[in-house]
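Atoms within a ligand are numbered from 1 in the order they appear, just like the ligands themselves.
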Amino acid sequence: MTASSSSRVAVIGAGIVGLAAALEIQRSGHHVILIEPDEPGGRQSASYGNGCWLNPGAILPISLPGLWRKVPGFLLDPTGPFVIRWRDLPGLAGWLLDFVLAGRNWRLVEACARTRFELCRSAVDEHIALAQEAGVPELIRREGVMYVYLDRSEFLAEERVWRMRREFGVAFSEVGEAELRAMQPELAARYRFGARLDGGAYVVDPGAYCRALAELVVRRGGERVIARASSFEFAAGQLQAVRTETGPVACDQAVIAAGIGSAALARQAGDRVPLISERGYNVVIPEPGFDIPCGLMPSDGLMGVVATRQGLRLAGQVELASVSAPPNWRRTEILQGFAGKMFPQLKIDETRVDRWMGHRPSTPDGLPCIGVSSGSADVFHCFGHSHTGLIQAPTSGRLVAALVDGRAPPLDPAPFSAGRFG
Ligand SMILES: Cc1cc2nc3c(=O)[nH]c(=O)nc-3n(C[C@H](O)[C@H](O)[C@H](O)COP(=O)(O)OP(=O)(O)OC[C@H]3O[C@@H](n4cnc5c(N)ncnc54)[C@H](O)[C@@H]3O)c2cc1C
C-alpha cells in the first residue's frame with residue numbers, strides 16, 4: 001500500500017541510515033516509530049566507530065579488476081589491511097566469489113561508480129543541513145579529506161580512479177611535497193604527495209551526531225521503541241505490525257535499516273540478500289600532541305585518520321569473519337603501528353586509548369539494498385552501505401522515503417533492488 005498522510009511508518013534501526021530515512025519520512029508527513037534496542041549511534045553500530053569521512057569521491061567499489069590475485073595474500077598475511085579468517089572461509093566463500101566477480105572488469109566498476117556517485121553527489125551539503133536542523137552544526141567540519149602518498153608515482157598508478165572522479169565532477173587538487181609539509185609538519189618525511197578532495201568533510205563525533213538526529217526525530221513527533229525487531233505481522237496481505245520481544249508495534253509500513261542485522265529481517269520480507277560483515281576497527285588516541293587540518297588516508301596504511309572530539313581516530317582494516325567471532329585486537333595494534341610510522345612524534349598514553357570493533361554491512365557488489373521488498377509492498381529495504389554508509393545515508397534516506405510515500409524517486413532505484421541477487 002502507498003503511504004497515506006496518516007501512515008505509521010516503523011523504521012527498524014537507528015544508525016545513520018535509519019535516522020536519515022526516518023527524518024525524510026517525517027518530512028513527507030508520516031508518523032515515524034524508531035525501533036532500536038540500543039542507544040542510537042551507540043557502540044553497537046557501525047555509525048559510531050567509522051572513519052568519519054564524508055568523501056564525495058567515494059564512488060569506487062572495493063572490488064576492482066585484479067583483486068582475485070590478492071586473495072591468497074589476504075588468507076596468508078594476518079597483518080595486511082584486508083584479512084580473511086580461515087575458520088570462517090566456508091561460510092564466506094560464496095560472498096567472496098561474488099565480490100571478486102562484481103569487480104572483474106572496468107566496465108562493471110564504472111557502472112557501479114556511476115550509481116555510487118548518485119548517492120554521494122549532494123551528500124556533504126545534505127549532512128551539513130541535517131546537522132544544522134539537529135542543532136549540532138559544529139559536528140561537521142568542511143575542511144576536506146586527503147589521500148596521502150609516498151610520492152606522485154603512486155598517485156599516478158591510480159590514474160584511472162582519479163580520472164573517473166574528475167569525469168564525474170568530483171573536485172580534487174594535487175598537493176606537492178612543500179605544501180604537504182606546510183599543512184602537516186608532523187607528517188613523516190616519506191609521504192611526499194597528497195590528493196585532496198576539497199569538497200569533502202568529516203564528522204568529529206559520529207555517535208553524538210546520530211544521537212542528535214534521533215532526538216530531532218522525537219522532537220518532530222516520532223516515537224522511540226526500545227526493542228529488537230524480529231519479524232512482521234500481515235493480514236490480508238497488508239502489514240499490521242513489526243514483531244519485537246516486547247510485543248508488536250502497529251504500523252502501516254516498515255523500513256529495514258538495521259545494518260548488519262538487516263538480512264534476517266529482509267528474509268522475513270521475502271528477500272535473501274547476501275549481506276556479510278566486513279569487520280572494521282578503530283583506535284582513538286586522546287591528546288596526540290598536534291592537530292590535523294583535514295581527514296587523511298595514507299596509501300600504505302589504508303585507514304581514515306581524523307581529529308575527533310575524543311582524540312585522533314584511526315579507523316580501517318577489513319576482516320572477513322563471522323559476526324559473532326570475538327574481536328582480534330591485534331588489528332588495532334596494526335592501526336596504531338601505522339599511525340606511529342605516519343607521525344613519528346605521536347604521543348600515546350596507552351591507559352587512555354580507546355579501541356573499537358564493528359560491522360560494515362556489506363553486499364558483494366558495492367551497492368546498498370534500497371527498495372520495496374519482494375514479499376510485501378509495505379516493507380522496504382535500506383541497508384548494506386558497507387564502507388560508505390555515512391556519506392550515502394542522506395540520499396539513501398531520500399530515496400527510500402519517496403518509495404514509502406509513493407512519490408517519484410529522486411534517483412533510479414533499479415540498481416539497488418534486492419531482486420538483483422536473484
Ligand atoms: C572501521 C569503519 C570505518 C568506516 N569509515 C567510514 C567513513 O569514513 N565514511 C563512510 O561514509 N562510512 C564509513 N564506514 C561505513 C559506515 O559506518 C556504515 O556503512 C554505516 O554506519 C552503516 O549504517 P547503518 O545505519 O546501516 O548501520 P549501523 O550503524 O550498524 O546501525 C544499525 C542499527 O540497527 C540496530 N539493529 C540491528 N538489528 C536490529 C533489529 N533486529 N531491530 C532493531 N534494531 C536493530 C543496531 O542496534 C544499530 O543501532 C565505516 C565503517 C567501519 C566499520
Side-chain angles (χ1 to χ4, degrees), residues 10-22 33-58 81 116 119-120 123-124 127 145 200-203 206-207 209-211 213-214 224-231 242-246 249 254-266 268 275 277-283 295 297 302-306 308 313-319 323 331-332 335 356-363 368-370 381-394 396-397:
V11 175
I12 305 171
I16 189 66
V17 172
L19 291 165
I33 309 139
L34 262 182
I35 303 178
E36 164 66 61
D38 291 300
E39 189 186 353
R43 282 185 88 95
Q44 82 288 350
S45 65
S47 301
Y48 173 91
N50 54 55
C52 311
W53 273 37
L54 298 176
N55 177 8
R116 288 174 58 89
L119 294 177
C120 294
V124 172
H127 271 294
V145 290
Y202 58 92
V203 185
Y209 181 38
C210 288
R211 278 199 304 281
L213 295 181
R224 261 275 272 132
V225 172
I226 301 174
R228 186 172 295 278
S230 55
S231 62
V242 172
R243 289 200 187 109
T244 76
E245 80 277 25
T246 60
V249 177
V255 174
I256 302 170
I260 194 61
S262 301
L265 292 163
Q268 306 275 341
L275 189 79
S277 167
E278 284 189 68
R279 295 150 50 113
Y281 291 80
N282 86 30
V283 179
M297 185 171 295
L302 292 180
M303 60 186 186
V305 182
V306 158
T308 64
R313 181 183 291 201
L314 324 163
Q317 297 279 309
V318 172
E319 180 183 58
V323 174
R331 311 223 65 78
T332 58
L335 291 172
W356 173 89
M357 188 278 288
H359 305 283
R360 298 181 186 91
S362 297
T363 62
C369 191
I370 307 172
H381 303 306
C382 195
F383 61 84
H385 292 75
S386 181
H387 289 244
T388 41
L390 185 59
I391 178 114
Q392 294 176 343
S396 301

Per-residue contact class, Ser386 against ligand 1 - non-hydrogen pairs under 4.0 Å: backbone
Under-4.0 Å heavy-atom contact with ligand 1, by part of Ala264 that carries it: neither
Region of Gln44 that comes within reach of ligand 1 [heavy atoms, distance under 4.0 Å]: side chain
Region of Phe383 that comes within reach of ligand 1 [heavy atoms, distance under 4.0 Å]: neither
Residue-ligand contact Tyr48/ligand 1, heavy atom below 4.0 Å: no
Nearest heavy-atom neighbours spanning Leu265 and Ser231: CD2-N, 4.2 Å
contact_flag Thr388 ligand 1 heavy-atom lt 4.0 Å: yes
Arg331 side-chain N/O to Gly316 backbone N/O, donor-acceptor pair under 3.5 Å: no
Non-hydrogen atoms of Glu36 and Ala14 that approach each other most closely: OE1-N, 2.8 Å
Closest approach of Val124 to Ala201 (non-hydrogen atoms, all atoms of both residues): CG1-CB, 3.9 Å
N-O pairing of Arg279 and Glu319 below 4.0 Å: yes
Close approach, Cys52 and ligand 1, non-hydrogen under 4.0 angstrom: yes
For ligand 1, the portion of Gln317 having any non-hydrogen atom under 4.0 Å away: neither
Distance-only side-chain donor-acceptor flag, Ser396 / His385, under 3.5 Å: yes
Heteroatom distance test (Val17, ligand 1): nitrogen or oxygen, under 3.5 angstrom: yes
